[in-house]
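Note sheet for the following structure.
First listed ligand is number 1; within each ligand, the first listed atom is number 1. No hydrogens, no waters, no symmetry mates; every other heavy atom, side chains included, goes into these values.
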Amino acid sequence: MNKSITRRAFVAAAATGTAAIAAGCSKPQEETAAPAAETAESQAPATTSDATSSPAETASAASAGGVARPSTNGRLTVQNARLVDASGNNVQLKGFSTHGIAWFGQYVNAECFAELSGWGANVARLAMYTHENDGYCSGGDQAALRDLLVRGVKYAADADMYCIVDWHVLQDLDPNVYIDQAKEFWAWASAEFANATNVIYEICNEPNGSTTWADVKSYAEVILPIIRANDASAVVLVGTPNWSQHPDQAAADPLADEHAMYTLHFYAATHRDDLRATLRSTVEGGAPVFVSEYGICDASGNGGLDLESAAAWVNLMDELGVSCCCWSLCNKAESASFIASSCEKTSGFEDGDLTSSGAWLKAMLSGETPTEVARPDGSGTGVGTFTLESITGNDGLDVSANLRQRWETNGTPYLLYDITVTSGTTPSNWGCDLVFSANVAISESWNCTIAADGATVHITGVGTSGVGLIVYPA
Ligand code: IDC
């Protein structure tokens with residue numbers, strides 16, 4: 001079995017694809033953006049703190065020290081708006097988030113955590129929904145959930161990873177909805193974990209709906225003193241409005257707590273330059289920001305992966321020294337999941353057990369920023385072998401097909417191509433034939449008429465720009 005994780009042969013094609021996007025091709029993936037619908041509002045950059053280390057210094061300190069681990073770096077705190085270790089060195093954490101632990105708790109086990117630590121993860125996030133999916137405040141088994149959190153923090157410690165205990169507000173919209181349960185929970189958690197070297201608290205995942213920063217701040221001002229009574233210096237992550245897309249609003253009206261950080265969450269196929277600009281301006285403005293959740297698909301947790309956008313995010317977070325956790329460690333049949341839905345293992349994953357998101361994370365944690373990821377063993381329906389073999393333009397017309405994205409949903413590989421005319425006068429019967437390595441079906445197409453015939457796709461153009469298609473094996 002071929003165990004290589006990524007193949008990089010399509011870097012040039014991806015770069016060409018960027019040019020095609022700039023020329024105005026439509027982007028069908030962006031239309032599926034729930035729950036974190038993009039808001040266009042722009043916010044003033046934050047100017048709140050007297051940070052003394054530049055982002056460049058942060059990044060070099062993080063890489064100079066290698067991957068920070070609890071056994072060598074000790075407890076983390078915040079100094080000058082930076083995440084620092086027990087000696088005051090800047091650190092950057094990179095790791096993963098579980099899915100809801102009430103739903104996919106089987107992955108919270110010692111072997112699995114050790115394995116992901118071996119990939120290079122130095123932080124695990126335990127996502128405990130408050131409202132949905134057997135949530136802690138909506139009928140979930142509270143004693144069992146607390147027990148799983150205790151075990152999860154220990155499994156992370158045993159695997160030498162930091163561990164985030166995440167109060168996963170989502171469909172409850174406003175953390176104040178369950179503030180009484182939150183007070184009780186955080187009193188328990190901060191007492192339970194006060195002596196844990198590796199623990200970080202996240203007190204509200206994603207405020208959304210009409211929840212404002214003022215609402216979140218007043219919630220945090222209730223919860224923080226409860227935590228501080230037991231644990232004076234642990235890092236506390238605080239969610240921000242609009243699904244944690246507004247650390248800038250928090251930075252403009254900061255909490256008094258010196259070890260609080262504000263979260264920014266992104267999904268690479270939905271959130272691009274605007275949100276990256278928010279991250280940059282907020283961090284460069286001197287505010288403490290932590291990306292406690294991100295995905296490389298769209299904000300629904302599904303849809304196509306955007307590896308170019310993901311690479312831009314990783315480069316930016318590395319430059320700024322910002323820590324991050326990828327969603328999510330589970331085998332649910334959605335693109336964000338790391339484990340293929342056909343795989344029932346809860347540890348001991350072979351590369352062929354991983355989805356494209358899982359393979360990407362593994363490669364990213366090893367220091368690569370993949371521009372193409374495939375299940376490398378060609379298992380399932382053949383993501384490793386389903387390729388475009390040739391393209392022939394009508395009447396000698398030179399056309400090219402640039403692979404913009406490649407992903408897998410429910411075990412089926414999808415390829416998205418942009419078709420462009422590369423030379424020649426456009427004839428009135430513009431069109432081309434694409435021949436694939438297997439019989440093909442069409443998922444979507446735009447600006448052209450299209451028909452599949454065995455392994456061949458016939459395209460009849462109605463335009464010569466913005467032409468594209470998404471195909472999968474029939
Ligand atoms: C999604 C899960 C999905 C689940 C849904 C609702 O991937 O299986 O059905 O939540 O519980 C977030 C949230 C995170 C979302 C994720 C993808 O923090 O809970 O998980 N997402 O939609 N914010 C932006 C995206």
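Considering backbone and side-chain atoms alike, His265 places every N or O at 3.5 Å or more from each N or O of ligand 1. Remark: ligand 1 and Ala299 share an N or O pair separated by less than 3.5 Å (distance only, no angle test).
Here the side chain of His259 pairs a donor or acceptor atom with the backbone of Val78 at under 3.5 angstrom. Asn73 places a side-chain N or O within 3.5 Å of a backbone atom of Arg69 that can act as its donor or acceptor partner.
For ligand 1 and His168, the ligand atoms under 4.0 Å from any heavy atom of the residue are 13 (C), 14 (C), 18 (O), 19 (O). Counting the atoms of ligand 1 from 1 in the order shown, those under 4.0 Å from a heavy atom of His99 are 2 (C), 3 (C), 7 (O), 8 (O). If you number the atoms of ligand 1 from 1 as listed, the ones under 4.0 Å from a heavy atom of Gly301 come out as 17 (C), 22 (O). Which parts of ligand 1 touch Asn205 is read off a 4.0 Å heavy-atom cut-off, strictly below it: atoms 18 (O).
In this structure, of Tyr294, Tyr129, Phe104, Trp103, the residue bringing a heavy atom nearest to atom 1 (C) of ligand 1 is Tyr129.
With sequence neighbours excluded, the residues that form a side-chain contact (heavy atoms from CB on, under 4.5 Å) with Ala196 are Val153, Phe193, Asn198, Val199. Evaluation of the side chain to side chain donor-acceptor pair (under 3.5 Å) rule for Lys345 yields Asp353 as partners, not counting sequence neighbours.
The side chain to side chain contact (heavy atoms under 4.5 Å, CB included) test with His265 is passed by exactly one of Ser244, Cys325, Pro247: Ser244.
The aromatic rings of Phe96 and Phe338 lie perpendicular to each other, with more than 60° between the two planes, well past the 30° mark.
Residue contact annotation: Trp243 has no non-hydrogen atom under 4.0 Å from ligand 1. Heavy-atom distances between Lys332 and ligand 1 reach below 4.0 Å in at least one pair. Heavy-atom separations between Ser300 and ligand 1 include at least one value shorter than 4.0 Å.
Side-chain N/O atoms of Gln249 and Tyr262 include no donor and acceptor closer than 3.5 Å.
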